[in-house]
Undergrad: 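I have a structure I would like to understand better, so I am pasting it below and will then ask my questions one at a time.
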Number of protein chains: 2
Amino acid sequence: MESRCENCIIRQFNSLRAMSKEELKTVSDSKTTKTIKKGQPLFEEGDKLNGVYCVRNGVSKLSKLSANGKDQIVKLATKGEVLGQRSVIAEESTNLSAVAVSDMEVCFIPKESITHTLQRNPNFTLEVLRHMAHDLKEADDVIVNISQKTVKQRVAEAFLYLRNNFGEDKDGFLALTLSREDISNVVGTATESAIRIISEFKKKGLIRTSGKKIGIKDERKLIEMVEGF
Amino acid sequence: MESRCENCIIRQFNSLRAMSKEELKTVSDSKTTKTIKKGQPLFEEGDKLNGVYCVRNGVSKLSKLSANGKDQIVKLATKGEVLGQRSVIAEESTNLSAVAVSDMEVCFIPKESITHTLQRNPNFTLEVLRHMAHDLKEADDVIVNISQKTVKQRVAEAFLYLRNNFGEDKDGFLALTLSREDISNVVGTATESAIRIISEFKKKGLIRTSGKKIGIKDERKLIEMVEGF
DNA sequence: ATAAAAACATGATATTTATCAGTTCATGGG
DNA sequence: CCCATGAACTGATAAATATCATGTTTTTAT
């Protein structure tokens with residue numbers, strides 16, 4: 001059942017597509033596939049990573065623990081994304097924890113395959129570089145958002161982000177269901193504040209809920225809120 | 001007076017050190033040196049950059065304008081750092097503005113020299129990649145700091161950061177003098193709030209001031225404050 | 001199926017931070 | 001040198017957000 005990287009469609013979404021047939025074979029021979037249950041960690045802040053994780057299915061939160069004990073979620077990684085690259089490239093222990101927020105299937109690729117290719121295949125390196133440039137740009141945006149927008153605006157933005165990146169289920173709820181705590185950790189606020197704002201949005205008819213699930217009802221108003229009206 | 005990149009010491013601090021003699025020659029022949037007065041822009045958010053800027057002297061703030069009209073400073077770049085890489089690599093317009101916060105001397109390197117080398121010299125690409133990995137890690141830290149620390153803690157941290165990265169002048173004041181507004185834009189707060197906190201720190205004997213200049217008096221207490229006591 | 005634990009929710013309150021309004025200070029151009 | 005202008009500063013107040021307390025619902029494990 002272990003499929004070959006050469007045939008993996010996921011690869012189209014990440015830097016691995018810049019690898020040669022040869023290189024992909026090596027990767028494929030050395031990789032191992034793992035199943036991670038929701039709530040389980042892929043790795044923890046401070047770990048030395050021996051390789052990278054290529055996400056085949058499911059979603060992982062990348063977070064960092066702050067001094068006051070709260071987690072800040074820095075990124076949500078899904079199908080096609082490669083985790084742990086930064087640590088492997090910089091040869092440092094990782095600065096983020098990765099925990100599954102839904103059941104996941106990932107391929108673990110030992111770092112040797114990666115570093116070997118990085119040193120020889122400029123196309124691959126450039127492709128990785130492009131991805132990282134993109135991540136950095138996104139990180140800049142997050143910084144500006146967190147520091148200049150109100151919590152309400154950030155919650156609204158988070159919902160729009162979740163829909164744009166993970167879509168909706170057949171009933172129109174956000175396909176990725178996060179706990180209230182995770183939502184507050186994405187937004188960077190206290191859990192109670194996030195809950196309050198969710199209630200408020202519901203009252204105002206901007207969203208609807210069913211248990212943990214959240215559905216967007218009035219996209220326009222949410223967008224206006226993010227923009228600041 | 002225009003010196004050659006091959007002999008430039010600055011190069012030791014950035015990815016250009018991974019370039020071959022040949023490549024450096026090309027860069028050196030195509031580069032132009034510019035003087036930027038304090039307050040003048042190197043480039044503005046949204047500009048399409050035709051090259052990168054290698055900082056020989058002085059400091060530039062990299063900032064992004066938010067919807068409400070406030071600037072958020074994302075990074076302070078000094079001697080040895082290369083600006084605009086991300087934009088050139090991703091072939092997108094830049095997402096940040098760069099403005100001199102002190103008089104600067106920079107070398108402008110047309111993008112062709114860079115992209116050409118990126119495609120051929122894996123060592124160079126890898127070196128750039130390592131730098132970007134580092135920047136990304138720093139950006140993650142900024143996100144966590146902004147969202148989990150109080151304004152007071154962030155101001156304290158900013159002063160320590162300024163000393164660690166830019167040093168002190170002969171009188172023991174921070175060598176890089178920022179306006180109160182710039183400080184508030186680094187920290188991500190209202191200018192009045194930053195000023196109030198500076199006054200408070202002064203009263204408590206943590207810092208001393210002379211005009212715009214700020215000197216650290218009690219490093220230990222500042223560190224404790226950042227850590228959260 | 002049920003008890004225990006965890007997540008969700010809401011009110012009351014405290015704290016932090018922003019905003020508005022105004023005064024003082026410093027500095028560079030005429 | 002002086003005045004005009006913008007930066008620095010301060011107070012009063014409003015708004016946003018966090019914290020604490022507590023009850024309710026949902027999940028989980030046995």
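Labels below follow one simple rule: chain letters A, B, ... track the order of the sequence lines, proteins then strands, and each chain is numbered from 1.
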Undergrad: I need the NZ-P distance between K213(B) and dA8(D), as an integer number of Å.
TA: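 After rounding, the reported distance stands at 14 Å.
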
Undergrad: Is it the case that the side chain of T150(B) and the backbone of Q153(B) share a donor-acceptor pair, with hydrogens and angles ignored and the cut-off at 3.5 Å?
TA: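 Between the backbone of Q153(B) and the side chain of T150(B) there is a qualifying donor-acceptor contact (under 3.5 Å).
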
Undergrad: May I ask you to decide if E105(A)'s main-chain N or O and R56(A)'s side chain share a donor-acceptor pair within less than 3.5 Å?
TA: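 It does not hold such a pair.
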
Undergrad: Roughly, in whole Å, what's the span from CD1 in I214(A) to P in dA7(C)?
TA: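 Checked: the CD1 to P distance equals 16 Å.
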
Undergrad: Show, in sequence, the C-alpha distance, side-chain angles and deciding distance for F201(B) and K152(B), and conclude whether the side chain to side chain contact (heavy atoms under 4.5 Å, CB included) test is met.
TA: CA-CA 9 Å; F201(B) 282 6; K152(B) 222 176 274 186; 3.8 Å; yes

Undergrad: Give the rounded distance in Å between these two atoms: CE of M225(B) and P of dT16(C).
TA: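 In whole Å, dT16(C) P and M225(B) CE are 11 Å from each other.
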
Undergrad: Quick one: does any side-chain atom of D171(B) pair with a main-chain N or O of F173(B) as donor and acceptor, under 3.5 Å?
TA: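 Flag not set: sc D171(B) to bb F173(B) has no pair under 3.5 Å.
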
Undergrad: Given V186(B) and Y161(B), is the side chain to side chain contact (heavy atoms under 4.5 Å, CB included) satisfied, shown in steps?
TA: CA-CA 11 Å; V186(B) 167; Y161(B) 171 85; over 6 Å; no

Undergrad: For residues 157-167 of chain A, pull every pair meeting salt bridge (Lys or Arg N to Asp or Glu O under 4.0 Å), keeping only residues two or more places apart or in separate chains.
TA: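 Pairs touching residues 157-167 of chain A that pass the test: K149(A)-E157(A), R163(A)-E168(A), R163(A)-E219(A).
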
Undergrad: Using heavy atoms and a sub-4.0 Å distance, could you list which residues of residues 200-209 of chain B are near DNA chain D? By number, please.
TA: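 Contacting residues: none.
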
Undergrad: Determine, for nucleotides 12-30 of chain D in 5'-to-3' order, which nucleotides have protein heavy atoms under 4.0 Å from the base (write B), from only the sugar-phosphate (write S), or from neither (write -).
TA: B----SBBB----------

Undergrad: Rounding to 10 degrees, work out the angle separating the end axes of the helix from dA1(C)-dT30(D) to dG30(C)-dC1(D) (five pairs an end).
TA: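 Helix axis angle between the two ends: 50°.
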
Undergrad: Rounded to the nearest 0.5 Å, what separates atom CD1 in I89(A) from atom CD1 in I114(A)?
TA: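 Reported value, rounded in 0.5 Å steps: 8.5 Å.
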
Undergrad: For D71(B), is there an ion pair with K61(B) - N to carboxylate O distance below 4.0 angstrom?
TA: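 So K61(B) does not pair with D71(B) through a salt bridge.
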
Undergrad: List the atom pairs, donor and acceptor, that lie under 3.5 Å between side-chain atoms in residues 44-53 of chain B and the rest of the protein, sequence neighbours left out.
TA:
{"from": "E45(B)", "atom 1": "OE1", "to": "L65(B)", "atom 2": "N", "distance (Å)": "2.9"}
{"from": "D47(B)", "atom 1": "OD2", "to": "E44(B)", "atom 2": "N", "distance (Å)": "2.9"}

Undergrad: Should R130(B) and E91(A) count as an ion pair when the cut-off is N to O under 4.0 Å?
TA: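 Salt bridge present between R130(B) and E91(A).
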
Undergrad: Quick test of your reading of the model: are R86(A) and D140(B) salt-bridged, counting only N-O distances below 4.0 Å?
TA: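 Yes, charged N to carboxylate O under 4.0 Å.
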
Undergrad: Considering only heavy atoms, which members of residues 168-185 of chain B lie under 4.0 Å from some atom of DNA chain D?
TA: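 Of all residues in residues 168-185 of chain B, the ones placing a heavy atom under 4.0 Å from DNA chain D are S179(B), R180(B), E181(B).
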
Undergrad: When rounded to the nearest 0.5 angstrom, what is the spacing between NZ in K70(A) and CG in N185(A)?
TA: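 The distance works out to 4.5 Å.
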
Undergrad: Touch check for S199(A), heavy atoms < 4.0 angstrom, all strands: base, sugar-phosphate only, or nothing?
TA: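 Here S199(A) touches the backbone only, sparing every base.
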
Undergrad: Using whole Å, report how far CD1 of I146(A) lies from C1' of dT17(C).
TA: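 Those two atoms, CD1 and C1', are 17 Å apart.
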
Undergrad: Rounded to the nearest 0.5 Å, what's the gap from CZ on F159(A) to CD1 on I216(A)? Could you check?
TA: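 Taking CZ in F159(A) and CD1 in I216(A), the distance rounds to 8.0 Å.
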
